[in-house]
Amino acid sequence: MAAAVEQNGMEKISDEIVLHILQFLPLDDVLNVQRVSRRFSRICQDKTLWRYTELRSCYGLSDDLLKDIVSHQAVNIQHLSLHGCYWLHSTAIEVLSRCVNLRTLNLSHCRVTTKCLSKILSATKELRHLAWDVEGGFRPSFLSQECKETLKKLKVLKQVYPFEVHQDLFGVLTFCPALERIYLLGNVQLSNVACWTYNPLEEDQAAVSVRNLKELVCYGFENSEVASSVFNLLTGSIKQGDPHPTLHSYCISGGPFVTYEKAVGSYAQAFEPFKADLLQLDLSSGREGICSISDLEKTKNLQFLRLSYNYCLHSYDLMTVSTVCQNLRVLNLMGCRYCFSCSERFDWDLSGLEAVAENCPHLHSLNLSGAHHCNSFGCPNVFPSDDLADTIAKMKGLVSLSLPACSVGTSKKSKKSRMDPMFQGNGPRPQTSSRTSHYSKADPQILNLWKIVQGCPLVEEFELLGVGFHSQLVHKALHLKSERDKGGFFVYRPCDDVKSRIKDVDLSCICEWQKLRKLTLGALPGVVTGEFLQALPERCPALRYLSLANLGPTGQCIYSKNLLAALRRMPHLQDFRFEQPNFNVAWSFLEALYNCVDLQRLCVVARNGEIDPHLTLKLFEKCKHLVVCQLFTMGQVLASHRLQQLIRQRYQSERPALHVVILHLLMEDSRSLSQLIPMVHLEEFTMYKSRVGEQPLELDKHVEL
């Protein structure tokens, strides 16, 4: 091995240059490099290489490997992230107590008990940033006095709530009076805070000093109880005349400044001190009297603004936003049904979005999903999707974009021009054998999605979602009024405009985004052959995440041939989520996945077909990096359970992060799934939802949101 390295000329490169190169590699690659030769092993032990130890979702990290790293590098590690390492045991994580120089520790989505946390914090007295999961078994009485002393010095705290939140469960928040940044993150489909109430503090607890607070993020909870409880904690002792905090981020689902208003006298007084300093703000689910766009007059530094499902938002409000918040980087308008109208009478008005395109040059994330922005206003001569596409195309710097399916369809007024341009004359058009052949030669310049692709060439994440579509993997209680078929599946009623306007040729423009990394398409009944999928492997070489749900007419899956052909040419695909109720999970599908050799996460939701045990085992043999396999079908329960156990027994030792779930589709809902699937996968991969512009920006680089 060393001779091969010398022949390649690596021995001629100085240690300093090799060390500089290694600093850009993930740590799991560094661990492999140190096995190449004695020289590389020596270089990989350099303390500067381990100062920032990033093991985020490192699927090859085992308990023994973590112990080995800590035993050799404990003194050098100052910033450590184990985010998403849910498979590690508490006994292995306890060895972090040897890292006495730790200043930043991220244990979110890890299994950490109260005693384990107490042991680590008791030894790491220099710790200033902490992220971890608060679960039902948290016991404040298990925290040692040394641990509480460390908590008193914390500046940044991030607490994740993977399951239901019980009464008065603040975690370690009440032991951290010096906090400057607070992040409380849940999952709106999994976390329940209805019973979260504020109780008086104990003797060794203290309210956070609101004067030091710079960021407050409470994201992913179902109601405003969390806002009330947190502000009771933060402002319990504040009095009129006390200095106001320099707040940079205020993102709370449920209505801001309710309690703080009572403390300082009026709402205007409560919001006024923060305007000039705010960088991030969440006004989602806006209600009159709580907060409105008019309150943003002095927020000139705002970078993140989430207005999702704000039914009081209109076009003139967007003009105010664009005029004041010219440094805006993320704008979330998901579910804002009136944001492109002058009033609730659906008078079409794009002047607000045009002002955003003109005045906000730094905007890189835009979410317009969740609302019908199409020709549904009863105006037969109005085609809003044409103007909307032209406006979005002016946002040259967009990197992430989420759109409702009915917003990019080519208007009916251009339908004639979409026909075969080679045909001339006044006679009848020649008959074609293919259902979509007359679209294959369409002029791309008339397609609305083409305008967006040409105007926004930097897009890396794109979502095109049908409004009102619900995945089968949802909590039944959330959609009791949703129509179901005889098999118990949700029935999706698409927008009429989408059904007649979104075709395969419209989606062929997606392949022009050469930097595309994440693609999500859902509820597009106009897709028939899926010809655009054929060009994805070659035209989008950076594609790593692909999610397809309910494409094509109801009850059919005509595009399966082109899908399988595309999968055979996607060796670098890492995450693939596929939901098609009428798709047949046959041998050809698994055989196509054999070619996705870099596949790490797979989720399939389909009611037809049986999972073949031999082909499934062969899939794990071919895809050496596959660690997450979620198969929801209508197969036999006993056979599925046996296959699940067999895969775990055979591959668990060589793949520590292995997670396999093979279930009957109608047996589980999202609340029971939360007990089976780690939250990091539910949030990032399994659940079907829009993710563009949902979570606040990472203003603090050491505590990832």
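Given the structure is predicted, the values throughout are model-derived calculations rather than measurements.
- The salt bridge (Lys or Arg N to Asp or Glu O under 4.0 Å) analysis of residues 95-104, with sequence neighbours excluded, yields the pairs R103-E126.
- Counting non-hydrogen atoms of other residues, nucleotides and ligands closer than 6.0 Å to CD of Q514 gives a total of 12 or fewer.
- For the residue pair E463 and S402, a side-chain donor N or O sits within less than 3.5 Å of a side-chain acceptor on the partner.
- Residues E460 and R544 are not paired through a salt bridge, judged by the lack of any N-O separation under 4.0 Å between the basic side chain and the carboxylate.
- Checked against side-chain contact (heavy atoms from CB on, under 4.5 Å), V33 has the following partners two or more places apart in sequence or in another chain: L22, L25, F40, C44.
- Listed by first and then second residue, the salt bridge (Lys or Arg N to Asp or Glu O under 4.0 Å) pairs involving residues 79-90 amount to none (not counting sequence neighbours).
- The aromatic rings of H659 and Y86 stand perpendicular to each other, their planes meeting at an angle above 60°, with 30° marking the opposite boundary.
- Side chain to side chain, D64 and S62 fail the donor-acceptor criterion of an N or O pair below 3.5 Å.
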Handout entry: Intermediate values then yes/no, side chain to side chain contact (heavy atoms under 4.5 Å, CB included), W87 and C85
Key = CA-CA 6 Å; W87 59 91; C85 296; 3.9 Å; yes
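- Residues K518 and D575 are not paired through a salt bridge, judged by the lack of any N-O separation under 4.0 Å between the basic side chain and the carboxylate.
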Exercise for the section: Would you check, one step at a time, whether the test salt bridge (Lys or Arg N to Asp or Glu O under 4.0 Å) holds for R601 with E684? Expected result: CA-CA 11 Å; R601 296 191 291 190; E684 298 177 358; 3.4 Å; yes
Problem - K152 vs E149, salt bridge (Lys or Arg N to Asp or Glu O under 4.0 Å): CA-CA, chis, key distance, verdict - result: CA-CA 5 Å; K152 289 180 181 180; E149 291 298 323; 3.5 Å; yes
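- Listed for the D63 side chain is no donor-acceptor partner under 3.5 Å among the backbone atoms of A92.
- Partners of S547 under the side-chain hydrogen bond (donor to acceptor under 3.5 Å, both in side chains) rule, at least two apart in sequence or in another chain, do not exist in this structure.
- Applying the ring pair (Phe, Tyr, Trp, His ring centres under 6.0 Å) test to F685 and every residue at least two apart in sequence or in another chain returns nothing.
- Shown are S97, C116, C147, S144; of these, the side chain to side chain contact (heavy atoms under 4.5 Å, CB included) with L121 is made only by C147.
- N367 and S308 are not linked by any side-chain donor-acceptor pair at a separation below 3.5 angstrom, with hydrogens and angles left out of the test.
- In this structure, the side chains of Y651 and V660 stay at 4.5 Å or more apart for every pair of heavy atoms.
- With 3.5 Å as the limit, one finds a donor-acceptor pair spanning the side chains of T686 and Q630.
- Using modelled atom types, no side-chain atom of T520 and backbone atom of S690 make a donor-acceptor pair closer than 3.5 Å.
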Exercise for the section: Determine, step by step, whether T113 and F142 satisfy the side chain to side chain contact (heavy atoms under 4.5 Å, CB included) criterion, reporting the C-alpha distance in whole Å, the side-chain angles of both residues, the deciding distance to 0.1 Å, and the verdict. Expected result: CA-CA 10 Å; T113 63; F142 290 173; over 6 Å; no
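- By the 4.0 Å N-to-carboxylate-O rule, R539 lies close enough to E512 to be salt-bridged with it.
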Handout entry: Audit row: I392, L368, side chain to side chain contact (heavy atoms under 4.5 Å, CB included) steps and yes/no
Key = CA-CA 11 Å; I392 296 176; L368 300 177; 4.0 Å; yes
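- Looking only at distances, a side-chain donor or acceptor of S122 sits under 3.5 Å from a matching main-chain atom of S118.
- The side chain to side chain contact (heavy atoms under 4.5 Å, CB included) test with C456 is passed by exactly one of L398, V399, L366: L398.
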Problem - Intermediate values then yes/no, side chain to side chain contact (heavy atoms under 4.5 Å, CB included), L619 and Y594 - result: CA-CA 6 Å; L619 175 64; Y594 294 164; 3.9 Å; yes
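- With a 4.5 Å cut-off on side-chain heavy atoms, K515 and V459 do not count as touching.
- Ring geometry, H20 versus F24: the interplanar angle exceeds 60°, so the pair is classed perpendicular (tilted spans 30 to 60°).
- By the ring pair (Phe, Tyr, Trp, His ring centres under 6.0 Å) test, H364 is found to be paired with no residue, residues two or more places apart in sequence or in another chain being considered.
- In the displayed structure, K125 atom NZ is contacted under 6.0 Å by more than 12 heavy atoms of other residues, nucleotides or ligands.
- Between R569 and Q534, the side chains place a donor N or O and an acceptor N or O closer than 3.5 Å (distance only, hydrogens not considered).
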